[in-house]
Undergrad: 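If you scroll down you'll find the structure; I have some questions about it.
All ligand and atom numbering here is 1-based and tracks the order in the structure.
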Amino acid sequence: MEKWAQTFNLPLPECKKCGTCCLCATPSKTYKELFEKAAAGDQFARDFFSIFIPYKNHDQARKICESVVDRALKAHQSHPEEIVFYKCRHYHFEKKCTIYSERPQLCRDFPGSPFVILSENCAFYEWAQKCKEAYKKLQMELEDMKSKKKELENLKYQQKCINLLTRLKKLDNDEYKFMFIVPSMCVVSPGGSWIK
Ligand code: SF4
Ligand code: SF4
């Protein structure tokens, strides 16, 4: 999150500790994919299964946060039946997180990316919208530069392109290591070879 906050100069809001993300979580990987990751020793996947237990069906999760469930299913509309929602075994409605000081890294990192599907009540919701707008603008600037091939021969424009690509590279992230992440997120590759 820090890299997004720094890149776009959008200070991170403070978590409201409402618990919605603890009670309505879903990774972008299916249960089977995540399970295989855990079996292969992936730390995120192992931590995830160490704290989260699955809801029996989507309707149970809908009772916690309908809009998150519906948006996550829409993002996975080709295989919604494979999407599982989870609740944390350590969340208590009055005490909140009962292992707060020992919570795993994935909780400390959440939401990790503005492309994660957040509840409208989440403290990060507005922040994420602003980050996404700024990111889109950055991508548009890059597209604009790409269209100016002649100017690209000019060193100044090349340098501007390199700067844009460098900023985008900082945001390139591990696509599944965040709950609710939208799989269609497309990061322009800083390794793009259009600068000759
Ligand atoms: S460990 Fe704590 S912070 Fe992490 S999901 Fe569970 S209740 Fe939430
Ligand atoms: S949903 Fe947002 S505000 Fe609520 S606990 Fe999670 S990160 Fe914090």
Undergrad: Below 4.0 angstrom from a heavy atom of Phe52, which ligand 1 atoms are there? Numbered from 1 as shown, please.
TA: 5 (S)
Undergrad: Taking the basic N atoms (NZ, or NE/NH1/NH2) and the acidic carboxylate oxygens, is any pair closer than 4.0 Å for Glu82 and Lys29?
TA: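 No salt bridge links Glu82 with Lys29.
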Undergrad: When the ring planes of Phe8 and Trp4 are compared, do they come out parallel, tilted or perpendicular, using 30° and 60° as the limits?
TA: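 Geometry flag for Trp4 against Phe8: tilted rings.
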Undergrad: Is there a ring-ring contact (aromatic ring centres under 6.0 Å, His included) between Phe48 and Tyr86? Walk through the geometry before answering.
TA: CA-CA 10 Å; Phe48 191 91; Tyr86 302 78; 4.9 Å; yes
Undergrad: Please indicate whether Glu14 has more than 12 foreign heavy atoms, meaning atoms of other residues, nucleotides or ligands, lying under 6.0 Å from its CD.
TA: no
Undergrad: Which ligand 1 atoms are under 4.0 Å away from a heavy-atom of Ile99?
TA: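 In order of numbering, the contacting atoms are 1 (S).
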Undergrad: Asp109 versus Met1: any side-chain heavy-atom pair under 4.5 Å?
TA: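 The answer is no, as the side chains (C-beta and beyond) never meet within the 4.5 Å cut-off.
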Undergrad: How would you list, by chain and number, every residue that makes a ring-ring contact (aromatic ring centres under 6.0 Å, His included) with Tyr125, sequence neighbours excluded?
TA: none
Undergrad: Between Glu36 and Lys32, is the closest basic N to carboxylate O distance under 4.0 Å?
TA: yes
Undergrad: For ligand 2, give me the residues whose heavy-atom distance to it is below 4.0 Å, by chain and number please.
TA: Cys15, Lys16, Lys17, Cys18, Gly19, Thr20, Cys21, Phe110, Cys122, Ala123, Phe124
Undergrad: State the atoms of ligand 1, each with its element, that fall below the 4.0 Å cut-off from a heavy-atom position in Cys88.
TA: 1 (S), 5 (S), 6 (Fe), 7 (S)
